[in-house]
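Take a look at the structure set out below.
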Amino acid sequence: MIIDIVTIFPKMFKPVLGESIIRRAQDKGLVKINVHDLRDYSGLTHKKVDAPSFGGGPGMVIRPEAVFSAVESILGYQLYPAKRRDRKKSIVFFTPQGKILTQKRIKKSLRFERLVLLCGRYEGIDYRIRKYLVDEEVSIGDYVLSGGEPAAMVFVDAIVRIIPGVVSCSDSIKQESFESNFLDYPHYTKPRNFRELKVPEVLLSGDHRKIEQWRSKKALELTKARRPDLLKE
Ligand code: SAM
């Protein structure tokens, strides 16, 4: 998979993409992540990419020329007015007005060979970009960030870790929260006794059937208490 991130703050991504699972996935050649500076596609003096909102009001808006030019140059063909589309590629814009990101949505995105992620800033982006360029709009929650970059990082992290071969023990992914309609069960590790707080006996019993039963019961209890909505699905 290839992921292209378009942003006016490319440096924000360096530490995130250069560590841990995302770094290893790139080193293994399982994903290629390119970060593009939107200002390089401005075509205006001082690499300006924003302008005031027509009709007045506070804040600036990202102009369409730079964004269209960036995406078309990344993909290598014109998208509007040519309307050429490739179903193996998707152009994603992060906005609080988008559909809320879920694990199901992340899994669906795995079918794409290439994802172009657009990070908004200021008051947002010119609506023509959203209407004629973007394929899907994604929100990471009902709150407003100052830019789409943290949302893009969340999206990249969540998708990269489920690319086959990235996480060495695929069982750990299968058992995670949201994989079924349950939250993950509680985990314990050494020491067995920490300040008189003891690990549940069953987990030390070596009886795998009993351990499975205990974990299922706890996963159900947690889901009922915290996310009963998942059980209705
Ligand atoms: N005026 C916009 C609105 O009310 O919908 C908010 C603009 S916000 C200050 C700037 C940028 O941050 C947005 O264009 C978007 O890219 C990003 N952003 C903010 N909140 C987000 C969220 N919950 N999910 C995804 N992206 C978000």
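Remember, it's 1-based here, ligands and their atoms both numbered in the order they're listed.
To the nearest 0.5 Å, atoms CG (D157) and OG (S20) are separated by 7.5 Å.
In this structure, the protein non-hydrogen atom closest to atom 16 (O) of ligand 1 is F94 O, 2.5 Å. The nearest protein atom to atom 20 (N) of ligand 1, hydrogens excluded, is given as L145 N, 2.9 Å; this is a heavy-atom distance. For atom 1 (N) of ligand 1, the nearest non-hydrogen atom of the protein is E123 O, 2.9 Å. The single protein non-hydrogen atom nearest to atom 27 (C) of ligand 1 is P96 CD, 3.6 Å, given as residue, atom name and distance. The closest protein non-hydrogen atom to atom 25 (C) of ligand 1 is T95 N, 3.5 Å. In terms of protein heavy-atom proximity, atom 10 (C) of ligand 1 is nearest to Y122 O, 3.3 Å. Here the heavy atom of the protein found nearest to atom 4 (O) of ligand 1 is Q97 NE2, 4.5 Å. Of all protein heavy atoms, the one lying nearest to atom 23 (N) of ligand 1 is Y143 O, 2.8 Å.
V199 and P191 make their closest contact through CG2-O, 3.9 Å (heavy atoms, listed as atom of the first residue, atom of the second, distance). Between E72 and Y80, the closest heavy-atom pair is OE2-N, 3.4 Å. When all heavy atoms are compared, the tightest approach of E136 to S90 is OE2-OG, 2.9 Å. The two residues S205 and V202 have their closest heavy-atom pair at OG-O, 2.6 Å. The two residues S73 and Y41 come nearest to each other via the heavy atoms OG-CE2, 3.4 Å. Of all the heavy atoms in I74 and V6, the pair that sits closest is CD1-CG2, 3.7 Å.
The existence of a salt bridge linking E212 and K210 is excluded, since no basic side-chain nitrogen approaches an acidic carboxylate oxygen closer than 4.0 Å. By the 4.0 Å N-to-carboxylate-O rule, R24 lies too far from D27 to be salt-bridged with it.
Partners of R192 by side-chain hydrogen bond (donor to acceptor under 3.5 Å, both in side chains), not counting sequence neighbours: none found.
Every atom of ligand 1 with a heavy atom of G148 under 4.0 Å away is listed here by number and element: 12 (O), 16 (O), 17 (C). Which parts of ligand 1 touch G120 is read off a 4.0 Å heavy-atom cut-off, strictly below it: atoms 11 (C), 14 (O), 16 (O). Interface atoms of ligand 1 facing A151, defined by a heavy-atom separation under 4.0 Å, are 25 (C), 26 (N). Numbered from 1 in the order shown, with element, the atoms of ligand 1 that lie under 4.0 Å from a heavy atom of V144 read 8 (S), 9 (C), 20 (N). Each of the following atoms of ligand 1 lies closer than 4.0 Å to a heavy atom of V138: 25 (C). Contact atoms of ligand 1 toward S139: 23 (N), 24 (N), 25 (C) (distance under 4.0 Å to a heavy atom of the residue).
The closest heavy-atom contact to atom 14 (O) of ligand 1, among the options G98, P150, A152, G124, comes from G124.
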